[in-house]
Amino acid sequence: MRDFFVPYIKDALHSAGIVTDRDIQIEKPTDKRFGDFSTNIAFLLSKELKRNPRELAGELIDHLSFPEGTVVRTEVAGPGFVNFHLDPAFIMREVREVLRSGAAFGCSTAGRGRKAIVEYVSANPTGPLTVGRGRGGVLGDCIANLLATQGYEVTREYYFNDAGRQMQILAESVRFRYMEACGLPVEFPDSHYQGDYIRDIAAELFREHGSSLNETENLQLFKESAEGIIFASIRKTLSRLSINHDSFFNEHTLYQAGAHGISPNQAVIDALDAQGFISRHENATWFLTTKLGQEKDKVLIKSSGDPSYRLPDIAYHVTKFDRGFSLMVNVFGADHIDEYPDVNEALKILGYDTSRIRVAINQFVTTTVGGQTIKMSTRKGNADMLDELIDEVGADATRLFFIMRSKDSHLNFDIDLAKRQSKDNPVFYLQYAHARICSLLRMASREIGFDVDAASGETLTRLAEPVEFELASALLDYPEVIQSCLRFLEPQKMVEYLHGIAELYHKFYQECPILKADPEVCAARLELSICVRQVLRNGFSLLGISAPESM
RNA sequence: GUGCCCGUAGCUCAAUGGAUAGAGCAUCAGCCUUCUAAGCUGAGGGUUACAGGUUCGAGUCCUGUCGGGCAUACCA
């Protein structure tokens with residue numbers, strides 16, 4: 001809708017003899033007295049032209065003209081705002097687009113022909129997913145959904161490492177528990193994984209093999225069975241949240257020699273070395289990040305000969321470029337904040353365009369039960385598990401709660417609230433609006449033979465109540481909300497928006513009789529309801545929550 | 001110590017540098033013989049942590065202070 005104004009404003013500036021290449025910003029004023037839309041262009045121009053903004057605004061509107069039946073009034077207000085008042089019929093005509101496009105309303109082709117990759121969750125298979133991982137998972141999934149609406153070919157990728165020290169500890173942990181299961185005395189180290197799931201895996205091994213594994217020093221079997229069981233459980237948990245990755249990228253492949261006989265890891269070392277950013281001392285291989293202004297150099301290959309996590313991370317990102325992604329989104333938890341800058345610097349040195357990479361960092365999650373805060377913890381058994389949370393509050397509430405706050409804010413997950421089957425719970429508020437419309441349409445179909453599928457929106461221009469215009473106008477914001485979510489990698493804005501739509505609909509429902517209205521108005525209100533239902537459905541689908549037809 | 005995030009109504013949180021800082025919960029007062037009251041209407045509630053600065057305009061940007069979280073590994 002905002003795009004509508006831009007060409008006319010540009011034309012007017014041109015014919016007023018004002019030269020600028022500034023972007024025209026269109027805003028939606030908070031106060032309806034200031035019109036349906038406004039622009040601050042006069043302020044921006046006053047800066048560069050050193051002229052009075054009110055004067056500039058005046059010249060602008062003198063040259064401004066819109067097609068018949070669109071903008072009914074343009075005025076200069078305050079210190080230099082230009083406000084536009086729309087013809088209500090214009091809004092109602094535009095709303096027909098919701099019905100025409102249906103599930104595609106809000107989509108664009110901006111990303112057509114471009115490949116995007118969203119990397120999220122990426123937890124190593126050392127244990128069940130924690131609540132904190134869930135937040136990043138849902139965030140990443142929503143971002144992927146958002147990108148898909150813009151025509152990108154989206155890959156949802158999970159990057160993991162099933163080698164290395166953490167997995168070694170995991171294997172040892174299972175072995176200890178296995179020996180316990182065999183009735184042997186063991187002293188379980190504090191440094192190892194304490195969770196009950198380790199016991200379950202050990203018990204499984206004991207069931208299959210009895211105590212025949214007692215003697216073996218080879219941890220491989222312990223590792224593999226633990227990995228298999230844990231990964232299966234992770235994927236099951238994710239699928240409960242409708243998170244389904246297209247691709248699981250095993251870090252191990254970066255250690256294996258490729259076409260030219262060298263591994264991707266080695267290729268990174270060689271390339272950085274060629275640029276003078278590698279040093280070998282203390283038996284290790286270092287990335288000279290001090291040359292880039294950082295405090296310390298970073299180890300890429302440890303004295304043990306194994307790469308530290310940074311090296312494969314860099315090599316992994318090289319594969320993303322090599323695989324032809326023009327947009328790469330990485331979703332990390334706040335605890336991985338320091339991971340990215342080194343990767344970024346290395347990629348720049350290697351000549352890659354790092355502006356194609358966007359990083360979304362989500363802050364931590366605390367859960368509260370009965371007003372008591374339970375802080376998320378990592379390796380100990382007291383971490384709150386994502387699966388238990390889903391058991392407790394359901395998948396829809398889990399997803400919505402994770403993204404209804406800005407990713408930059410610590411999330412306070414109120415379990416009591418999420419469980420409540422009442423109006424306090426935003427999930428129910430949103431879904432209720434959808435169910436209410438479905439119910440209404442069912443009744444309309446039954447009582448007056450209204451054909452929902454035949455609705456074209458032709459009757460919408462009969463509507464005249466303020467709340468109806470407000471609602472219609474809000475529906476037209478939907479495509480811009482998607483853009484805004486993507487600009488900030490912040491699906492939370494969609495939650496806010498949908499909440500506003502639901503609120504307006506409830507208000508409309510309260511104020512305007514629908515089935516009891518005059519038949520022509522009745523049809524128009526039903527059509528408006530269908531539009532609202534469509535936007536709610538589209539939004540729910542982006543957020544990954546269900547759209548119940550009755551509640 | 002240093003880096004990143006946060007500090008907004010009693011609570012949980014919004015607000016592309018725009019006009020009188022908004023929602024929900026909680027509190028108080030109303031609305032169901034009428035399409036789902038899981039809803040709606042209204043009221044009260046604020047020195048946007050603090051102090052400066054930038055400009056037509058600052059919750060938003062800059063500097064400093066205070067408070068909270070995360071990170072500061074040859075773990076990932």
Side-chain angles (χ1 to χ4, degrees), chain A residues 25-27 29-31 33-34 38 40 42-43 46-47 52-54 77-81 83 122-124 126 160-161 164-167 169 251 282-286 294-296 298-310 312-313 333-339 341 361-364 366 368 371 375 404-412 414 417 420-426 428-429 431-433 435-444 447 480 483-484 487-488 492-493 495-496 499-500 502-503 505-517 522 525-526 529 550-551:
Chain A
Q25 296 175 24
I26 306 296
E27 294 160 351
T30 44
D31 191 325
R33 285 175 311 167
F34 298 138
S38 72
N40 62 355
F43 295 113
S46 79
K47 202 163 288 184
N52 180 306
R54 261 198 87 92
F81 291 100
N83 296 339
S122 295
N124 287 338
T126 56
F160 71 102
N161 177 15
R165 188 172 155 66
Q166 306 286 346
M167 292 302 286
I169 293 173
E251 181 184 317
E282 298 165 46
N283 236 349
T285 302
W286 300 75
Q294 295 191 27
E295 280 192 23
K296 295 183 209 164
K298 304 290 169 58
V299 169
L300 291 184
I301 299 179
K302 300 183 264 186
S303 53
S304 65
D306 297 321
S308 77
Y309 67 90
R310 283 190 189 83
D313 259 7
D335 54 336
H336 285 229
I337 186 93
D338 279 351
E339 184 169 319
I361 291 170
N362 63 280
Q363 297 298 316
F364 269 40
T366 55
T368 63
K375 213 186 96 188
M404 73 183 190
R405 303 296 181 224
S406 159
K407 66 181 190 304
D408 292 329
S409 294
H410 291 208
L411 175 63
N412 188 338
D414 185 339
L417 176 62
R420 219 169 294 159
Q421 309 264 317
S422 77
K423 62 180 178 175
D424 323 350
N425 186 338
F428 281 85
Y429 188 79
Q431 293 184 327
Y432 177 58
R436 200 174 209 187
I437 296 170
C438 290
S439 166
L440 175 74
L441 294 175
R442 276 195 301 272
M443 183 164 291
E447 304 288 325
E480 286 152 17
Q483 302 293 336
S484 179
R487 187 158 61 244
F488 299 98
Q492 182 263 338
K493 293 172 188 298
V495 181
E496 287 256 320
H499 191 274
E503 190 171 36
Y505 188 77
H506 289 311
K507 183 176 175 175
F508 159 71
Y509 186 93
Q510 200 75 27
E511 288 181 11
C512 304
I514 301 170
L515 296 180
K516 296 188 170 66
C522 168
R525 288 182 176 159
L526 286 169
S529 298
S550 64
M551 290 172 75

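This one's a predicted model, so the numbers in the text were calculated from it and none came from an experiment. So you know, we letter chains A, B, ... as the sequences are listed, proteins then strands, and number each from 1.
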Is there any protein nitrogen or oxygen under 3.5 Å from a nitrogen or oxygen in nucleotides 3-13 of chain B, and what are the pairs?
unit_1 : atom_1 : unit_2   : atom_2 : d
B:C5   : O2'    : A:Asp408 : O      : 2.4
B:U12  : O2'    : A:Arg405 : NH2    : 3.0
B:C13  : OP1    : A:His410 : O      : 3.2
B:C13  : OP1    : A:Asn412 : N      : 3.3
B:C13  : O2'    : A:Arg405 : NH1    : 2.9

For nucleotides 37-46 of chain B, which of its nitrogen or oxygen atoms have a protein nitrogen or oxygen under 3.5 Å away, and what is each distance?
unit_1 : atom_1 : unit_2   : atom_2 : d
B:A37  : OP2    : A:Arg436 : NH2    : 2.0
B:A38  : N6     : A:Met551 : O      : 3.4
B:G39  : O2'    : A:Arg436 : NH1    : 3.0
B:G39  : N2     : A:Gln510 : NE2    : 2.9
B:C40  : OP1    : A:Tyr429 : OH     : 2.5
B:C40  : O4'    : A:Gln510 : OE1    : 3.4

Just to be sure I understand the rule, does [X] reach a base, reach only the sugar-phosphate, or reach nothing, if contact means heavy atoms closer than 4.0 Å?
X	answer
A:Ala444	nothing
A:Gln25	base
A:Asn124	sugar-phosphate
A:Pro513	base
A:Cys522	nothing
A:Gln294	nothing

Say you pick atom [atom1] in [N] and the same atom in [M]; how far apart are they, in whole Å?
N	M	atom1	result
B:G64	B:U41	P	46 Å
B:G45	B:A9	P	15 Å
B:C6	B:C25	P	27 Å
B:C62	B:G7	P	14 Å
B:G69	B:U36	C1'	43 Å
B:G46	B:A38	P	33 Å
B:U60	B:G18	C1'	11 Å
B:U47	B:U8	C1'	12 Å

Minimum heavy-atom distance [X]-[Y], with the two atoms named:
X	Y	answer
A:Ser308	A:Val299	OG-O, 2.7 Å
A:Ala77	A:Arg54	C-NH1, 4.0 Å
A:Pro307	A:Lys302	O-CE, 3.5 Å

Any A:Arg442 side-chain heavy atom under 4.5 Å of A:Ser550 side chain
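Yes, at least one pair of side-chain atoms sits under 4.5 Å.
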
Are A:Leu440 and A:Leu526 close enough that some pair of their side-chain heavy atoms sits under 4.5 Å apart?
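Yes. Closest side-chain heavy atoms under 4.5 Å.
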
Counterpart residues, ring-ring contact (aromatic ring centres under 6.0 Å, His included), relative to [X] (two or more places apart):
X	result
A:Phe160	A:Phe231
A:Phe43	A:Phe81
A:Phe428	none
A:His410	none

Testing the 3.5 Å rule here: is there a donor-acceptor pair between the side chains of A:Ser529 and A:Tyr505?
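On atom types as modelled, these side chains qualify, holding a pair under 3.5 Å.
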
Looking at B:A19, does its base get a donor-acceptor pair with the side chain of A:Asn83 below 3.5 Å?
yes

Check if the side chain of A:Ser303 and the base of B:C74 share a donor-acceptor pair of N or O atoms closer than 3.5 Å.
yes

A quick test of your reading: do over 12 heavy atoms of other residues, nucleotides or ligands sit less than 6.0 Å from CZ of A:Arg165?
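Atom CZ in A:Arg165 is not crowded, with 12 or fewer foreign heavy atoms closer than 6.0 Å.
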
Spacing of [X] atom [atom1] relative to [N] atom [atom2], expressed in whole Å:
X	N	atom1	atom2	answer
A:His336	B:U72	NE2	C1'	14 Å
A:Tyr309	B:A71	OH	P	12 Å
A:Met443	B:U34	CE	P	12 Å
A:Asn362	B:C70	CG	P	14 Å
A:Ile437	B:C35	CD1	C1'	13 Å
A:Phe364	B:A71	CZ	C1'	9 Å
A:Glu27	B:U16	CD	P	11 Å
A:Ile514	B:U36	CD1	C1'	12 Å

Short heteroatom pairs, N/O only, protein and nucleotides 56-59 of chain B, under 3.5 Å:
none

Side chain to side chain donor-acceptor pair (under 3.5 Å) partners of A:Tyr432, counting only residues at least two apart:
A:Arg436

Identify, with sequence neighbours excluded, every residue that meets side chain to side chain donor-acceptor pair (under 3.5 Å) alongside A:Glu339.
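By the side chain to side chain donor-acceptor pair (under 3.5 Å) rule, A:Glu339 matches A:His336.
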
Quick check on B:C62: syn or anti? Syn means the glycosidic torsion is within 90 degrees of zero.
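For B:C62, whose glycosidic angle is more than 90° from 0, the conformation is anti.
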
Between A:Ser122 and A:Leu440, who's closer to the 5' end of RNA chain B by nearest nucleotide?
A:Leu440

Report the residue (A:Phe81 or A:Arg420) whose heavy-atom-nearest nucleotide on RNA chain B is the more 5′ of the two.
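Checking each residue's closest nucleotide, the 5'-ward one belongs to A:Phe81.
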
Can you give the dot-bracket line for RNA chain B, using ( ) for pairs inside the strand, [ ] for pairs that cross earlier ones, | for pairs with another strand and . for unpaired bases, where Watson-Crick and G-U count if both distances are under 3.5 Å?
(((((((..((((....[...)))).(((((.......))))).....(((((..]....))))))))))))....

Look at A:Lys493 and B:A15 and indicate whether a side-chain polar atom (N or O) is within less than 4.0 Å of OP1 or OP2.
yes

A:Lys296 side chain N/O closer than 4.0 Å to the phosphate oxygens (OP1, OP2) of B:A73?
yes

What residues form a salt bridge (Lys or Arg N to Asp or Glu O under 4.0 Å) with A:Glu480, not counting sequence neighbours?
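For A:Glu480 the salt bridge (Lys or Arg N to Asp or Glu O under 4.0 Å) partners, ignoring immediate neighbours, are A:Arg2.
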
Contacts of A:Arg420 that satisfy salt bridge (Lys or Arg N to Asp or Glu O under 4.0 Å) - sequence neighbours left out
A:Asp424

What's the closest nucleotide to the A:Lys516 side chain, out of B:C35, B:A23, B:U2?
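Closest of the options to the side chain of A:Lys516: B:C35.
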
If you only use heavy atoms from C-beta on, which nucleotide in B:A19, B:C70, B:U36 is closest to the side chain of A:Thr30?
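Output: B:A19.
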
Fit a plane to each ring of A:Tyr429 and A:His506, take the angle between them on a 0 to 90° scale, and name the class: parallel (under 30°), tilted (30 to 60°) or perpendicular (over 60°).
perpendicular

Flag, side chain of A:Asn124 to backbone of A:Asn161, donor-acceptor distance under 3.5 Å:
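Pair found, side chain donor or acceptor close to backbone of A:Asn161.
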
